[in-house]
Amino acid sequence: MAKEGIHTRADNYAQWYLDIVEQADLAEPSGVVRGAMVIKPTGYAVWEAIQRGLDQRIKATGHVNAYFPLFIPQSFLQKEAEHVEGFAPEVAVVTHAGGKELEEPYVVRPTSEAIIGHTYARWIQSWRDLPILINQWANVVRWELRPRPFLRTTEFLWQEGHTAHATEAEAETETLRILHEVYADFVENVMAIPLYRGLKSRRETFAGALRTYAIEAMMQDGRALQAGTSHNLGQNFARAFEITYQTPSNEREYVWTTSWGASTRLIGGLIMVHSDDDGLVLPPRLAPIQVVVVPIFKNDSERATVMAAIERITAPWQGKLAFKIDDRDHLSPGFKFNEWELKGVPVRVEVGPKDVQKDSVAIARRDVPGREGKSFVPQAGLTERLVALLDEIQQSLFDRALAYRNQRTVDVRTYEELAAAVEQGFARAYWDGNDADEARIQEELKATIRVIPFDQPETAGTCVLTGRETTKQVLFARSY
RNA sequence: CGGGGUGUGGCGCAGUUGGUAGCGCGCGGCGUUUGGGACGCUGAGGUCGUAGGUUCAAAUCCUAUCACCCCGACCA
C-alpha cells in the first residue's frame, strides 16, 4: 500500500523514483536550469555520509585531497584524441567573461584528467616524485540530454582520484585496489548494496582509458546502475600531456596514470535498491538519523512526563546512536510516523503515557513496514537492543537486495533467453562477440554488457550470439 | 536534435460565447486536538512566462519568443 503522494513501484517505477526524491525531501529540480537540481538538506546529509565513508577509505589507501580548477582551457581537452571525442558533445563552454569574448574559450570540467595531467607534467620530474596519489572532491558538468535527479544531472558532485605511477603494474594495482577497497567495500558494507565487479567491455571503456573497471548494482526494476568506475589510463594521458619522469638509470619514461570516480548518482542507487512504496529506506550505517523518537501525549501534564521520560531514556544514547527527538507539537503522532517513514529513518521509538507507566517503549523498524515491524519492549536494555537492531537491519537490507539480485540474474544460452532475461534483470552469458555484435544487442534488446565479471567460469561454453566456443562470460542488462 | 506537453498565489489546478481572477492543499493567528497522515474560526498571498498585436475591453483571440517537463538517440 503506497503512501499519499507516491506512485507504487509496480504502477510506474520511474514516477515512483521521482516521488521518493521529492517526498523524502532529498532534492528538487532547480526549475530554472535544465537538468540541474537543488540538493536539499536531507539529501545533502546522505551525500555527506557517502563522502565521509569514501574519503576515509581514500585516505586509508594512501591518498591525499587537493583541488584543481573548474575551468579548463578548451585546447587541453583536445590533447587526448579519444577523450575529446568522448566528451565533446556534453561540455559546456565559456566564451565570454569580464565583459568581453575570451581569446581561448574555457570548458567547464566534465572530468579533470586534462587539467590534472597538465599539472602533473610540471610536478613530476624524477622517479622519486612517484607515485602521486591525489583525490579531489568537486562538481562537474556534463550536458546530458536526458536528466533525472541524482542518476543523471547536468551538474553533479563526485570525487575523482588521479594518480601517476612509474610502472604499468603499479597503475593496475592501484586501479583494482580502488575498486575493491574503496568503492566495493563502502557500497556493500555501508550502503548495503550488493555488487558485481569486473572489467568493462571496450565499448563501455572510459574515453582515453586502457581499461575500465566498474561496480554494477541491480535496481528493483531489474536495470543496472554503474555505481563507481576505476580506470587504468595507461600512458595515453602521459603522452598527451607530456608527463614524464627520469628513471634511476637516467632514462626518460612516460608515467602510467589512473583515474576513478563515484558520484551523487550513488544516492539514486541507494533509493532504487532499498526503498519501498512507503518511501525512502536508509541503511543504518549511512543514515544521518538512525533513530527518531516520537512523543505521544494528550495534554500539557502528559507532555511533561513523556518528555521527561524521553530525556531519561535517550541519555545513554549519546555517542552510540544518531537520534532525533521529534518534539514538534503542532503535528499529530500519525503524521510524524508517516513523515519519518517517508524519510527512511531506520528505527522509530514511540514514547507515550502508557509507556511511562509500564516502563516500555514502542519500536518500529523501517525495513519491515506495518504492524509486523512494530513491537513493545522494556526500557531496560533499550540502548543495546537498538544498537543490535540497527545491525540486524543493515544486514537484512543487504541480504534482501542480494537475494533479489541473484534471483533476477539468470544464465542464458540462447539469444531468445537473453532477450527475455534482460526484460527482468541481468543475463549472464558466454560471449565471444566483437564491438559490432555488442552494438547490435544494444540496438535490438536495449541491453549492454555491464561488466565482464572477475569471477569467470572454469569450463567453456558457446557464445550467446555467435555460437563460437569461449570461456568468457559477461553480464548483460539494461542500464541507467 | 526529433515527437508530445505545460507555463495562472508557495504547490496542484479551474477559468464557459473576450467584460478585469477562483478552488484545493500549504502558509500566519486563535482555540480545540494528539498511540498511524486532526478540526473549527480567521487572515495573508497573483502586473495570468515574456514581448508585440487585434479590441472600448485580453488569462482568454493572433504573432513572435523564452523556459521547463515527458517520450526516444548520448552518458558517472
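Order of the sequence lines sets the chain letters (A, B, ...), proteins ahead of strands, with each chain counted from 1.
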Below 4.0 angstrom from OP1 or OP2 of B:C74, is there any side-chain N or O of A:Arg146?
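No.
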
Any stacking of A:Phe337 on B:G37, going by centres under 5.5 angstrom and planes within less than 30 degrees?
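A stacking contact does not exist, since A:Phe337 is not both close and nearly parallel to the base ring of B:G37.
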
Closest approach to the side chain of A:Asn338, judged atom by atom: which nucleotide of B:G35, B:C75, B:G37 is it?
B:G37

Could you work out which one of B:G37, B:U34, B:C74 sits closest to the side chain of A:Glu144?
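Of all the options, the side chain of A:Glu144 is nearest to B:C74.
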
Quick one: [X] [atom1] to [N] [atom2], roughly how many Å, whole number?
{"X": "A:Glu22", "N": "B:C69", "atom1": "CD", "atom2": "C1'", "value": "13 Å"}
{"X": "A:His231", "N": "B:A76", "atom1": "NE2", "atom2": "P", "value": "8 Å"}
{"X": "A:His330", "N": "B:C30", "atom1": "NE2", "atom2": "P", "value": "13 Å"}
{"X": "A:Glu28", "N": "B:C69", "atom1": "CD", "atom2": "C1'", "value": "15 Å"}

At 4.0 Å (heavy atoms only), tell me whether [X] reaches a base, stays on the sugar-phosphate, or touches nothing.
{"X": "A:Ala227", "value": "nothing"}
{"X": "A:Glu302", "value": "nothing"}
{"X": "A:Leu331", "value": "base"}
{"X": "A:Gly261", "value": "nothing"}
{"X": "A:Asn299", "value": "nothing"}
{"X": "A:Lys336", "value": "nothing"}
{"X": "A:Gln226", "value": "sugar-phosphate"}
{"X": "A:Arg148", "value": "nothing"}
{"X": "A:Thr153", "value": "base"}

What integer number of Å spans the [atom1] atoms of [N] and [M]?
{"N": "B:G19", "M": "B:G72", "atom1": "C1'", "value": "45 Å"}
{"N": "B:U60", "M": "B:A21", "atom1": "P", "value": "14 Å"}
{"N": "B:G18", "M": "B:C61", "atom1": "C1'", "value": "8 Å"}
{"N": "B:A59", "M": "B:G22", "atom1": "C1'", "value": "12 Å"}

Any N/O donor-acceptor pair, [X] side-chain to [N] base, under 3.5 Å:
{"X": "A:Ser263", "N": "B:A76", "result": "yes"}
{"X": "A:Arg348", "N": "B:G36", "result": "yes"}
{"X": "A:Glu339", "N": "B:G37", "result": "no"}
{"X": "A:Lys374", "N": "B:G36", "result": "yes"}

Are [X] and [Y] in a cation-pi setup, meaning NZ or CZ lies under 6.0 angstrom from the ring centre and within 45 degrees of the ring axis?
{"X": "A:Arg440", "Y": "A:Tyr415", "answer": "yes"}
{"X": "A:Arg405", "Y": "A:Phe426", "answer": "no"}
{"X": "A:Arg223", "Y": "A:Tyr480", "answer": "yes"}
{"X": "A:Arg142", "Y": "A:Trp158", "answer": "yes"}

Applying the side chain to side chain contact (heavy atoms under 4.5 Å, CB included) criterion to A:Trp260, which one of A:Thr163, A:Thr229, A:Leu179 satisfies it?
A:Thr163

What pair of heavy atoms forms the shortest contact from A:Ala138 to A:Tyr67, and how long is it?
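Scanning both residues, the minimum pair turns out to be CB-CE1, 4.2 Å.
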
